[in-house]
Each structure stands twice: as C-alpha cells, then as structure tokens.
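Remember, it's a predicted structure, so these values are computed and weren't measured experimentally. Throughout, protein chains are lettered first and strands after them, A, B, ... in sequence-line order, and every chain is numbered starting at 1.
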2 protein chains.
Amino acid sequence: MTSSTLVPVFAALGDETRWSILAALGEGDASASALSGRLPVTRQAIAKHLSVLQEVGLVDSVRVGRELRYRVIGAQLSETARRLDRIGDEWERRLAAIKRVAEAL
Amino acid sequence: MTSSTLVPVFAALGDETRWSILAALGEGDASASALSGRLPVTRQAIAKHLSVLQEVGLVDSVRVGRELRYRVIGAQLSETARRLDRIGDEWERRLAAIKRVAEAL
DNA sequence: GATTGATGCAACTGTATGGTTGCAGCAATC
DNA sequence: GATTGCTGCAACCATACAGTTGCATCAATC
C-alpha cells in the first residue's frame with residue numbers, strides 16, 4: 001500500500017481546489033454532493049477531483065446506502081512527506097559532497 | 001525564506017520532466033544548455049521548467065561568465081516535507097477524534 | 001572586429017485538464 | 001409504484017501548459 005509513485009501524488013496536491021476538498025473532508029467524511037454544497041464548484045467537478053485524489057491514494061471511499069462517502073487518508077500525506085524528506089536529505093548530502101570537492105581544488 | 005505557499009511547490013513537483021531536471025542537477029550544478037545535452041527536451045523547454053522551479057524556490061541560479069548555472073536547493077524540499085508532515089499529522093489527529101466521537105454514539 | 005556559444009524573447013501547436021451542462025440510472029423513502 | 005436525491009457518463013468549452021521553432025542579443029574568445 002501507499003506504493004503509488006510520488007510524482008502523481010504531487011500533481012494531485014498541486015491544485016487549490018483539491019486542497020479545499022481535502023480541507024472540507026478534514027471536517028468529517030462527506031459525499032461529492034455534500035461537498036458541492038460547501039464549495040463554489042459543481043458536484044461533477046468535485047467528483048473528478050475526488051477520483052484523482054483516490055487514484056493517488058490520498059482519499060478513500062465507502063458506499064453508505066445510496067451515497068459514496070469519501071474520507072482523507074492522512075497516512076498517505078505522511079508517507080509522501082517522509083519520502084520527500086529522504087530525497088531532500090539525499091540532495092543535501094550530495095551537494096555537500098560536491099561543495100567539499102570544489103573547495104578542495 | 002522558503003515562505004512560498006505550498007501548493008505551487010507541489011504543482012512544480014508534479015511533473016516528471018522537472019524531476020529529471022532536478023535529478024540531473026543533483027549530479028552537480030549546470031546551465032540550461034548543458035542540461036539540454038543530457039535530457040530529451042529542448043533547451044527552451046528546460047529553461048521554462050527551471051524558471052518555474054526557481055519561482056517556487058526549489059532551484060537557485062548564479063551567473064558564471066556568459067552562462068547561468070542552476071543548483072538545487074535541497075533545503076526547500078526538506079521544508080516542504082516538514083510542512084506536509086505537519087498537515088498529515090493534523091489530519092490523523094482530527095480523523096482519530098471524529099472516529100472516537102462516532103464510536104461513542 | 002569577427003566568430004562562437006550562451007541566454008532571452010516571441011509566436012505557435014497540441015494536449016491535458018478544470019470546469020460546465022444535461023441526462024440517464026438507481027436506490028431509498030413515501 | 002411514484003417520487004426524491006444521489007451517483008455515473010458523455011459532450012463540450014476555455015484555459016493552461018509542455019514543448020517546439022526561429023530569431024535577436026550579448027559576452028567571451030580568437
């Protein structure tokens with residue numbers, strides 16, 4: 001799980017509307033229709049966003065009667081943060097090494 | 001510093017080509033022209049990517065003679081990771097609280 | 001000063017995508 | 001069984017954007 005490639009996750013997180021959806025879901029699980037009452041976009045637009053969020057594992061859905069209720073998966077955010085942090089460290093290390101070599105000349 | 005809003009940073013990180021540019025820069029600082037020799041895209045395309053990377057503070061540039069040399073700022077990645085991690089924690093906490101409330105019913 | 005190799009700017013193309021409207025389908029309730 | 005309200009699908013529009021080509025510019029070198 002959470003084995004999704006990193007880049008699509010970032011792409012999903014690179015949209016303001018998607019963040020407001022995530023924020024709204026942070027208040028509690030909700031369906032696309034419910035969300036459309038709180039956000040200034042159509043239910044269908046929200047549904048599309050939810051599907052991309054779900055594809056990258058940032059969101060989860062459960063059928064409750066005739067409605068599809070979505071919920072944020074906070075763990076995926078944490079996982080992404082961890083991976084990004086490792087990459088940042090890696091870069092710092094490499095750049096420090098390069099700097100040392102450069103200064104040794 | 002590194003006070004850039006989060007979303008544009010994610011948008012910048014949500015592109016494969018940009019990651020390959022970052023990866024190439026990880027091998028050492030380089031100019032757009034130099035990078036175009038190693039990547040399957042035009043110098044101009046790379047220049048555009050570098051400008052968006054620079055706008056969100058992921059990359060830095062120094063003029064060296066007649067060339068503009070770019071360098072990765074690993075710290076910005078780490079900072080982004082930290083902020084994302086905090087958000088993830090926040091969500092986990094809130095969701096846990098909601099779950100407790102729901103189970104108490 | 002001419003040449004060379006780098007950047008900068010502008011216009012253009014194709015495609016992805018955020019957003020919309022409209023309608024069909026389907027489950028729950030009355 | 002009719003109504004109500006939510007989901008799902010499809011077509012469509014506008015804009016953003018990754019990428020290209022072409023040309024101007026400008027600094028370093030010969």
- prompt: So what does A/R63 touch, heavy atoms closer than 4.0 Å: a base, only the sugar-phosphate, or nothing?
  reply: sugar-phosphate
message: Strictly below 4.0 Å: does B/H49 bring a side-chain N or O up to OP1 or OP2 of D/dC17?
response: no
message: Looking at A/A30, is its backbone amide N or carbonyl O close enough to the side chain of A/R69 to form a donor-acceptor pair, meaning the two atoms are under 3.5 Å apart?
response: no
task: Could you check if a side-chain atom of A/L6 sits within less than 4.5 angstrom of a side-chain atom of A/T80, using non-hydrogen atoms only?
output: yes
Atom pair distance, as rounded to whole Å: CD1 in A/I21 and P in C/dG18: 10 Å
task: Record whether the side chain of B/Q44 comes under 3.5 Å of the base of D/dG22 through a donor-acceptor pair of N or O atoms.
output: yes
- request: Can you tell me the distance, in whole Å, between the CZ atom of B/R43 and the C1' atom of D/dT20?
  value: 12 Å
query: Nearest-Å distance, CZ (A/R66) to P (C/dG25)?
result: 18 Å
query: Can B/S61 and B/Q54 be counted as having a side-chain donor-acceptor contact under 3.5 angstrom?
result: yes
query: Reckon B/R18 touches a base, only the sugar-phosphate, or nothing at all at heavy-atom distances under 4.0 Å?
result: sugar-phosphate
- prompt: Taking atom C1' of D/dC17 as reference, at what distance in whole Å does atom CD1 of B/I46 sit?
  reply: 16 Å
message: Ignoring hydrogens and geometry beyond distance, is the side chain of A/E16 in donor-acceptor contact with the base of C/dG18 at under 3.5 Å?
response: no
- prompt: For A/K48 and B/L68, take the nucleotide of DNA chain C holding the closest heavy atom to each; which residue's nucleotide lies nearer the 5' end?
  reply: B/L68
- request: Would you mind checking if B/R71 and B/D60 are paired as a salt bridge, meaning a charged N to carboxylate O distance below 4.0 Å?
  value: yes
query: Once you round it to whole Å, what is the distance between C1' of C/dG8 and OH of B/Y70?
result: 10 Å
- request: Name the nucleic acid region contacted by B/A47, choosing base, sugar-phosphate or nothing; use a 4.0 angstrom heavy-atom cut-off, strictly under.
  value: nothing
- prompt: In whole angstroms, how far is the C1' atom of C/dT17 from the CG atom of A/L50?
  reply: 16 Å
task: Go through D/dT7, D/dG19, C/dA6 for me and flag the one nearest to the A/E67 side chain.
output: D/dT7
message: Tell me whether the side-chain N/O atoms of A/T17 come closer than 4.0 Å to OP1 or OP2 in C/dG18.
response: no
query: Which of the following nucleotides, D/dT7, C/dT20, D/dT20, is nearest to the side chain of A/A32?
result: D/dT7
- request: Could you check A/S33, A/S51, A/S20, A/S36 and say which one makes a side chain to side chain contact (heavy atoms under 4.5 Å, CB included) with A/I46?
  value: A/S36
- request: Return the value, rounded to whole Å, for the distance between atom CG of A/L53 and atom C1' of C/dT17.
  value: 14 Å
task: Give the rounded distance in Å between these two atoms: CG of B/L39 and C1' of D/dT20.
output: 16 Å
